[in-house]
Visitor: 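Starting off with a structure, shown below.
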Number of protein chains: 2
Amino acid sequence: MDQLLALKYFCKVAETGSFTSAATAFSVPPSSISRRIADLESSLGTHLLTRSTRVVKLTEIGIAYLEQVQEILVQLELSNESVRSYQSRPMGQLKISSMVSFGERILFPLLDQFSALYPDITLDISLSDELSSLANDDIDVAIRGGYAPDERIHAIKLMPNEFIPVASPAYLATMGTPEDGFELRNHHGLFFRTPRGPSPWLLEIDDQWHDVSGQPVVISNNANWLMKQGLEGKGIMMAPRWSVEAYLMSGELVELLTDTALSVNQNPGMGIYLLYQKPKYLVPKVKVFIDFLVENLMEKRD
Amino acid sequence: MDQLLALKYFCKVAETGSFTSAATAFSVPPSSISRRIADLESSLGTHLLTRSTRVVKLTEIGIAYLEQVQEILVQLELSNESVRSYQSRPMGQLKISSMVSFGERILFPLLDQFSALYPDITLDISLSDELSSLANDDIDVAIRGGYAPDERIHAIKLMPNEFIPVASPAYLATMGTPEDGFELRNHHGLFFRTPRGPSPWLLEIDDQWHDVSGQPVVISNNANWLMKQGLEGKGIMMAPRWSVEAYLMSGELVELLTDTALSVNQNPGMGIYLLYQKPKYLVPKVKVFIDFLVENLMEKRD
DNA sequence: ATTTCTTTTGTCTAAAAGACAATAATTTGG
DNA sequence: CCAAATTATTGTCTTTTAGACAAAAGAAAT
């Protein structure tokens, strides 16, 4: 018995709720559908569908089996497609999803270079801080902070996501420069609001974490707006190193307390991750993009 | 073409490195193996194997494809087996893995009851705080603290894992009872050592987290030992509510600062989770156990 | 009760996998 | 360096299995 065929028929029948429409979808007579599904059921020793000439419904077990089988068929098709496209030149549309600020500051400058290398790849970039799932949306690669989410998703750590305290020279001139971590509590603070509330400032001493958050003057989930406030001297903020590197060079911002172990969470594994579905690494356009990013970002910083 | 059959042949050839041995494994002539794999390769438009009459090796793409296909075949077989065993009575060996202290305090008392209900199920329980993976080890259900790890693993939150500060009456008599969260810093503390260092005592006020850890007198990763120290009046400890409930009832321990939002981490989603692979919910012995635990644990506490 | 739509069953045909022998190719051993 | 041995492929036939088509059976709607 060709189980794969039977499974495809079964899924179609479950979707459409009809043997006939499944049959037309596959351009075979309904009798074929009926026979294959009967075979499948007898091989499993269970009825997956209750057919009452007019209405086809899934049994309880059929529902559970369908869900699992659909997932498996999708995975297999993805693998097949990846292999089929393996030997072609890198080309076509490449859908990239990235965090907003990372995209603006790090990614865009690199993409010109990438486009020159692979002119046949059309880049489709969406910037968002929502973590859209790779599986459902048709995103080829995503760049996110945090950790690896799922086993089927492959995650490459591009760089650490080190948060450092920074402030503008103007602010420090009026409010003074903190010399000790605990002094931060007396300063003005600009906070990024995460889904779990504003990120605190945490100070680690001997495996002990102390909250040394300053007095909040601005709390926002918009990184650009926060950065603007910081540049205008409204207070101290914890910002990813990569996002403020240009300002540190130009002197518009100053890094504080470089000897102190400050962070915005207790997890040391935080980083910027490049995410993609494993089978897609076989697709040339995806492969060259991943290799390009790894080449250009990892060597610099890790 | 029966792709599923071709894939099984392909995997066997890749494993054994030989068409003939794959053929004997399936009790078919080698020519069949050769033909099926040739079909598969032509349908994919790629060579998966390099055959030089004496040696069969995987191509680069063959390696990647093999890995994905093996995973898919395992999943499919798991689903099929689950469905096949669906209608049988709950029986056989049920492998359970649980955190040590949860197993001792909560699980064991319930299992007598469970065994009486399903005498044909042989329980095989291993207690460990290591998080062994459900996929590789043949564990049917696992109970762990933390969050859901993977998409293919189904996680049911059995109860919140609420940590509360407790101390023995003897300790409180000599050291006094803290009336305010910040007073904890002046008390003796018993700390559980996680892989990321001792769990701090955190106090939440207006979305701000403050570390109010006491002076460490004992740090250990052994929950039973810590509990013993607590009962002997060595200091205050943050312990999961379920682990100290009996002592609170008997008066051997006293809950402190019940009005204060204390925790050992900043994540509100922490809980005790029941974990299992989705297809296994169709296996009767697994299904009745999961239903039993949900019935007996969730209604009490959630 | 009859019509209509849908699944199943029976029978034949077509396609695809298996069996077996023969061939080609490459490594091993003398 | 050549012959023997092992292994994958190819050719041909047989068997199995899926598809096609007509007819039958069953359930709902008019």
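Below, chain A is the first sequence line, B the second, and so on; all start at residue 1.
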Visitor: Which pairs count as salt bridge (charged side-chain N to carboxylate O under 4.0 Å, His left out) when at least one residue sits in residues 30-46 of chain B, sequence neighbours excluded?
Guide: B/Arg36-B/Asp39, B/Glu41-B/Arg51
Visitor: Pull out every protein N or O sitting under 3.5 Å from an N or O of nucleotides 12-15 of chain D, one pair per line with the distance.
Guide:
none

Visitor: Taking salt bridge (charged side-chain N to carboxylate O under 4.0 Å, His left out) as the test, write out the residues that go with A/Arg84, two or more places apart.
Guide: A/Glu77, A/Glu81
Visitor: Restricting to ring-ring contact (aromatic ring centres under 6.0 Å, His included), what partner residues turn up for A/Phe19, sequence neighbours left out?
Guide: none
Visitor: Roughly how bent is the helix from C/dA1-D/dT30 to C/dG30-D/dC1 end to end, in steps of 10 degrees, with each end axis from five pairs?
Guide: 30°
Visitor: Going by salt bridge (charged side-chain N to carboxylate O under 4.0 Å, His left out), name the pairs with one or both residues in residues 15-30 of chain A, residues two or more places apart or in two chains.
Guide: A/Lys12-A/Glu15
Visitor: Can you name the residues that form a salt bridge (charged side-chain N to carboxylate O under 4.0 Å, His left out) with A/Asp2, not counting sequence neighbours?
Guide: none
Visitor: With sequence neighbours left out, which residue pairs that include part of residues 105-127 of chain B fulfil the ring-ring contact (aromatic ring centres under 6.0 Å, His included) condition?
Guide: B/Phe114-B/Tyr118, B/Phe114-B/Phe289, B/Phe114-B/Phe292
Visitor: Sequence neighbours left out, what passes salt bridge (charged side-chain N to carboxylate O under 4.0 Å, His left out) with B/Glu162? Give chain and number order.
Guide: B/Arg241
Visitor: Name every residue in residues 4-12 of chain A that has at least one heavy atom under 4.0 Å from any atom of DNA chain D, in order of residue number, or write none if there are no such residues.
Guide: A/Leu5, A/Tyr9
Visitor: Kindly write out the residues that satisfy side chain to side chain donor-acceptor pair (under 3.5 Å) with B/Glu60, not counting sequence neighbours, or none if the list is empty.
Guide: A/Tyr86
Visitor: Taking only residues two or more places apart in sequence, or in another chain, which ones meet B/Lys57 in a salt bridge (charged side-chain N to carboxylate O under 4.0 Å, His left out)?
Guide: none
Visitor: Expressed in angstrom and rounded to an integer, what is the separation of B/Leu49 atom CG from D/dT9 atom C1'?
Guide: 14 Å
